[in-house]
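This report concerns only the one structure given below.
Chain letters run A, B, ... following the sequence lines, proteins first, then strands; residues in each count from 1. Worth knowing before you read on, the calculation uses all heavy atoms, side chains too, and leaves out hydrogens, waters and symmetry mates.
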Number of protein chains: 2
Amino acid sequence: MKEIEKKLNDNGVRPTAMRILIYKYLAEKEVATSLTDIEMAFAKADRTTLFRTLKTFEKQGVVHQIDDGTGVQKYALCEPGCNCELEQDLHLHFHCNNCDETVCLTEHKIPHINLPEGFVAEDANLVLKGICDKCSGQ
Amino acid sequence: MKEIEKKLNDNGVRPTAMRILIYKYLAEKEVATSLTDIEMAFAKADRTTLFRTLKTFEKQGVVHQIDDGTGVQKYALCEPGCNCELEQDLHLHFHCNNCDETVCLTEHKIPHINLPEGFVAEDANLVLKGICDKCSGQ
DNA sequence: CTGACCTATGCAACGGAAGTGCATTTATTG
DNA sequence: CAATAAATGCACTTCCGTTGCATAGGTCAG
């Protein structure tokens, strides 16, 4: 518990009870999580609070946002030392068509792409879809 | 005009007046187009009709859907000979943060990625964001 | 030609999700 | 303890995708 408080403090986020719980939830879940997921888990909490908590986490580099093509924004904790905004740190995400879960493949960076003249890339998003390790093992 | 009719027929889409107009609009626009874009251009037409037309086009391989991370579904005409569903035909898309337009880079295929054991990729989506050729020239 | 039929179109409404404004509570600091 | 700032909760809006149902319009068999 204390580590979470410290982690949040280090990122400039005031460690309120709610925020610690949300952080803990994200840490245990280990897959990309939507606002609605969190809402289900914390039925008492207000959607707005959860929404703003995630936005705060994102701004302060605690989580990064993931667009996995489902049309729902998801979030996952940043790895220690993760610099989401830097192009070389962009890892890819895998969305399982079977269990509908999305995971970060932090070891797999997005390869560099040679663009046509005039195009300047600042950011990239790569999502692979298919069957994940848990589902393919069945 | 006749070519469009033929093209639609060849793809198993009945070439109604509306559909020909929509096809023409997409062809002239040359960038990924949202339902709302089309709605603006055809103020008299009903949103549902446009929506269903796009879905029909998609199913019949006339257009492919693009998720450029803006949270809005977009569509673009398939190139002749494009097999959107095949993995080797997956090209990448470029979203300009300045003019907000998304273009297909049909020449640039998504590079093959080696996934961890147990992961089976069936589909992929790569979106680069930055400044496009038109905007960087200014 | 005509009626039966299928398809396309139009209208209305729903539902999910992101987002905002404002009031209230909780925490921090002088 | 008072003053201030930050976090939380409630209500509401907007946007977009989507569906159900009724109608119009083209197609085809008899």
Side-chain angles (χ1 to χ4, degrees), chain A residues 4-26 32-60 62-76 95 100 102 125, chain B residues 4-5 7-9 11-26 32-60 62-76 95 100 102 125:
Chain A
I4 298 183
E5 272 188 50
K6 183 171 185 310
K7 166 75 182 169
L8 292 180
N9 268 321
D10 289 352
N11 283 270
V13 177
R14 280 234 296 250
T16 66
M18 193 77 253
R19 289 173 173 177
I20 293 174
L21 284 176
I22 295 176
Y23 188 99
K24 212 173 150 201
Y25 178 73
L26 290 174
T33 307
S34 71
L35 178 57
T36 306
D37 290 338
I38 301 180
E39 206 184 353
M40 300 301 187
F42 298 90
K44 330 145 200 181
D46 185 75
R47 184 178 181 84
T48 313
T49 304
L50 304 175
F51 172 75
R52 285 199 255 244
T53 299
L54 286 174
K55 288 298 170 196
T56 304
F57 278 8
E58 188 188 0
K59 187 158 58 129
Q60 302 297 102
V62 177
V63 302
H64 59 276
Q65 212 212 73
I66 300 164
D67 170 22
D68 62 3
T70 58
V72 193
Q73 292 177 200
K74 298 190 177 162
Y75 302 85
H95 178 78
D100 259 350
T102 301
N125 183 34
Chain B
I4 297 182
E5 273 189 48
K7 167 75 182 168
L8 292 180
N9 269 321
N11 282 272
V13 177
R14 279 232 298 253
T16 67
M18 192 78 254
R19 288 173 173 177
I20 293 174
L21 284 175
I22 295 177
Y23 188 99
K24 211 174 148 199
Y25 178 72
L26 291 174
T33 308
S34 72
L35 178 56
T36 306
D37 290 337
I38 302 180
E39 208 184 352
M40 300 300 188
F42 298 91
K44 329 145 199 182
D46 185 77
R47 184 179 180 83
T48 313
T49 303
L50 303 175
F51 171 75
R52 283 200 256 247
T53 299
L54 287 174
K55 286 298 171 195
T56 304
F57 278 8
E58 188 187 2
K59 185 156 61 128
Q60 302 296 89
V62 178
V63 303
H64 58 275
Q65 214 212 71
I66 301 165
D67 171 22
D68 63 2
T70 58
V72 192
Q73 294 179 199
K74 297 189 179 164
Y75 301 86
H95 177 78
D100 258 349
T102 301
N125 183 35

Judged by atom type as modelled, is there a donor-acceptor pair below 3.5 Å linking the side chain of [X] to the main-chain atoms of [Y]?
| X | Y | answer |
| --- | --- | --- |
| A:N9 | A:K6 | no |
| B:D68 | B:T70 | yes |
| B:Q60 | B:G12 | yes |

>> Restricting to side chain to side chain donor-acceptor pair (under 3.5 Å), what partner residues turn up for A:E39, sequence neighbours left out?
In response: A:R47

>> My understanding is that only residues two or more places apart in sequence, or in another chain, count here; which of them pass side chain to side chain donor-acceptor pair (under 3.5 Å) with A:K59?
In response: none

4.5 Å side-chain heavy-atom contact, [X] and [Y]:
| X | Y | result |
| --- | --- | --- |
| B:I22 | B:F57 | yes |
| A:L35 | A:Q73 | no |
| B:L54 | B:I38 | yes |
| B:F51 | B:K55 | yes |

>> For a quick check of understanding: with a heavy-atom distance under 4.0 Å over all strands, which category does A:T36 fall into, base, sugar-phosphate or nothing?
In response: sugar-phosphate

> For A:F42, what residues pass the ring-ring contact (aromatic ring centres under 6.0 Å, His included) criterion, not counting sequence neighbours?
Replying inline: A:Y25

> How does protein contact run along nucleotides 3-15 of chain C, one letter per nucleotide 5' to 3', with B for base contact, S for sugar-phosphate only, - for none, heavy atoms under 4.0 Å?
Replying inline: ----SSBBBB---

>> For a 4.0 angstrom threshold against heavy atoms of chain B, report the outermost contacting nucleotides of DNA chain D in 5' to 3' order.
In response: D:dC16 to D:dC21

>> Stem list for DNA chain D, please, built from Watson-Crick and G-U wobble pairs under 3.5 Å and keeping only runs of at least 3.
In response: C:1-30 with D:1-30

